[in-house]
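In what follows, every chain begins at residue 1, and chains take the letters A, B, ... in the order their sequences are listed. As a basis for the values below, the full set of heavy atoms in this structure was taken, side chains included, without hydrogen atoms, waters or symmetry mates.
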There are 2 protein chains.
Amino acid sequence: MQKYSKQTRLLLAVDCIIFGFDGDALKILLIKRGFQPEKGNWSLMGGFVQVNESLDQASNRILKQLTGLEGVYLEQLHTFGDTLRDPIERTVSTAYFALIDIHKYETQLSNDYHAEWFHLKRVPKLIFDQQEMVETAKRRIRYKAALHPILFELLPSRFTLPQLQTLYESVFNTTIDKRNFSKRVLATGLLIKLAEKDKAGSKRGAYYYHLNMKNYYAKFQAFMNFIPNPDTLLL
Amino acid sequence: MQKYSKQTRLLLAVDCIIFGFDGDALKILLIKRGFQPEKGNWSLMGGFVQVNESLDQASNRILKQLTGLEGVYLEQLHTFGDTLRDPIERTVSTAYFALIDIHKYETQLSNDYHAEWFHLKRVPKLIFDQQEMVETAKRRIRYKAALHPILFELLPSRFTLPQLQTLYESVFNTTIDKRNFSKRVLATGLLIKLAEKDKAGSKRGAYYYHLNMKNYYAKFQAFMNFIPNPDTLLL
DNA sequence: TCTATTAAGTGTAATAAGTACACTATTAAA
DNA sequence: TTTAATAGTGTACTTATTACACTTAATAGA
């Protein structure tokens, strides 16, 4: 059969909001845009969707291009389709957000893009409507992390309870009583305690844990709500 | 400046999953597709995104075209971008879901499309990947309704507690104790009791309520969780 | 080797939220 | 006036959440 005639075809892009956790705060990875318009300005990593790849394939390609990583947590966020969002030509962009273990990120790859990690509270001015994409992604990661154990994706495979608690406190911008925190986290049955300790953070050392993957997948949908005040839930 | 050269432009469509509640069960509105391919088969209402309209505008246009309704609850669901989802030509489609008061829906408008309401458990075979779109929308409406008071969008502005309870029971496919239900719903402060009763459903009649809009907007983000078993949460 | 320092680890009581459960009230129709 | 059908309401129990402080382990430095 023929193609659909009389319809306008548009450019379709994907943009990736890449989150990492440095042990202290949530960060996102930005690049210096390499072509016009807005060449040299801070931007999300993105690219045009090719004719022979799906959106998921395009976002995975772009994530790998920047970080060298494959098989990481990557979820479609929202599609931004305002007519004037790109001043050059009508371009619709599907934003994805990724959660990566910041230590697996390969610096040498992204040197080509002059990539840098930015603290979420110190994100520079971004091109087009990417500021809005980042805000949407921040709301989404909080929302989802309040209900599902996605934040483990930001940690190495072995982590300590204090590390995990710092991560939750950082994402929800709050403090949590450590007795209540460990009680609830351990009650999920998602964590397995290891014999070894992490001695980096303290003299005494904190026990390493890793995920019980079976329970992790089984309980992914029903986790817990850590947010002290549900009014902070947005979107 | 020039356009982006060397990039392939694609067709972009929107498809609408339109939910209604007939007092007994959740339903979705489908049309008989009017053009090839798949002409005459059951389909979601959709259309191509025009060059001078945003995605939100396109979905509102398509919703109005079928139902005559404007200003109703319409939310972007997901963008479906598999390369072969449309056999004629690569088309990426952004799905939206709408929640409408089924009684406001104008039948005469949609007669052109031979539209019909289908019970969610009796949805016919749909074209392309629209079955997946509907499944995604079903999961999303449950997920969101468990946390936010969106189901009021499916009811007329005046409704009774038994009607509201039937709606929740229908969406979550469960039964709820009516004492506990009314306790929780009324505790939200979202409902205002009216003097008048609905005599249609019973001899005694049930009091009408309507939304306290101020509290509705204020508490939209923090509502309640009606789902008896959170394991049923999907997405 | 003794002491000081630092973060890790642990339990209980009080409060709040959620769940289970059954009878009375109202009204229309027979 | 009796019957039938749905609306409306309260309490006891269980579970979940919150608030809160001391001890332990291990290293570093005296």
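Atom CD of B/E169 is separated from atom C1' of D/dT6 by 14 Å (rounded to the nearest Å). In this structure, A/D177 places its CG atom 14 Å from P of C/dG11, rounding to the nearest Å. In this structure, B/Y207 places its OH atom 8 Å from P of D/dG8, rounding to the nearest Å. What separates CG of A/N180 from P of C/dG9 is a distance of 16 Å, to the nearest Å. If you measure from atom CD1 of A/I176 to atom C1' of D/dA19, you get 15 Å, rounded to the nearest angstrom. Put simply, OH on B/Y208 is 12 Å from P on D/dG8, counting in whole angstrom units. Between the CD atom of B/Q165 and the C1' atom of D/dT6 there is a distance of 12 Å, given to the nearest Å. One atom, CG of A/L186, and another, P of D/dA16, lie 16 Å apart when rounded to the nearest Å.
Not one side-chain nitrogen or oxygen of B/R184 sits closer than 4.0 Å to the OP1 or OP2 atom of C/dA17. Regarding contacts with the backbone of D/dG10, every side-chain N or O of B/K183 stays at 4.0 angstrom or more from both OP1 and OP2.
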Worksheet item: Would A/F159 and A/F152 satisfy ring pair (Phe, Tyr, Trp, His ring centres under 6.0 Å), going step by step from the backbone distance to the final call?
Response: CA-CA 9 Å; A/F159 50 85; A/F152 293 105; 5.5 Å; yes
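No side-chain heavy atom of B/L63 sits less than 4.5 Å from a side-chain heavy atom of B/M45. Looking only at side-chain heavy atoms (C-beta outward), B/I31 and B/H114 stay at 4.5 Å or farther from each other.
Distances were taken from every side-chain heavy atom of A/A206 (C-beta onward) to each of C/dA8, C/dT19, C/dT26; the shortest belongs to C/dA8. The B/R179 side chain lies nearest to D/dT9 when the options are D/dT9, D/dT17, D/dC20.
Among the heavy atoms of the strands lying under 4.0 Å from A/K197 are primed sugar atoms or P, OP1, OP2 only; no base atom is included. Within 4.0 Å of A/K178, counting heavy atoms only, lies at least one base atom of the nucleic acid.
Note that CD of A/E116 and OG1 of A/T107 are 11.5 Å apart. Values are rounded to the nearest 0.5 Å.
Residue A/R204 places no side-chain atom within donor-acceptor reach of the base of D/dA26, judged by atom type and a 3.5 Å distance cut-off alone. Within 3.5 Å, no donor on the side chain of B/K203 pairs with an acceptor on the base of D/dT6, nor the reverse.
When the nearest nucleotides of DNA chain C are assigned to A/S182 and A/S202 by heavy-atom distance, the more 5′-ward of the two goes with A/S202.
In this structure, B/R158 pairs ionically with B/E196, as a charged nitrogen and a carboxylate oxygen lie closer than 4.0 Å.
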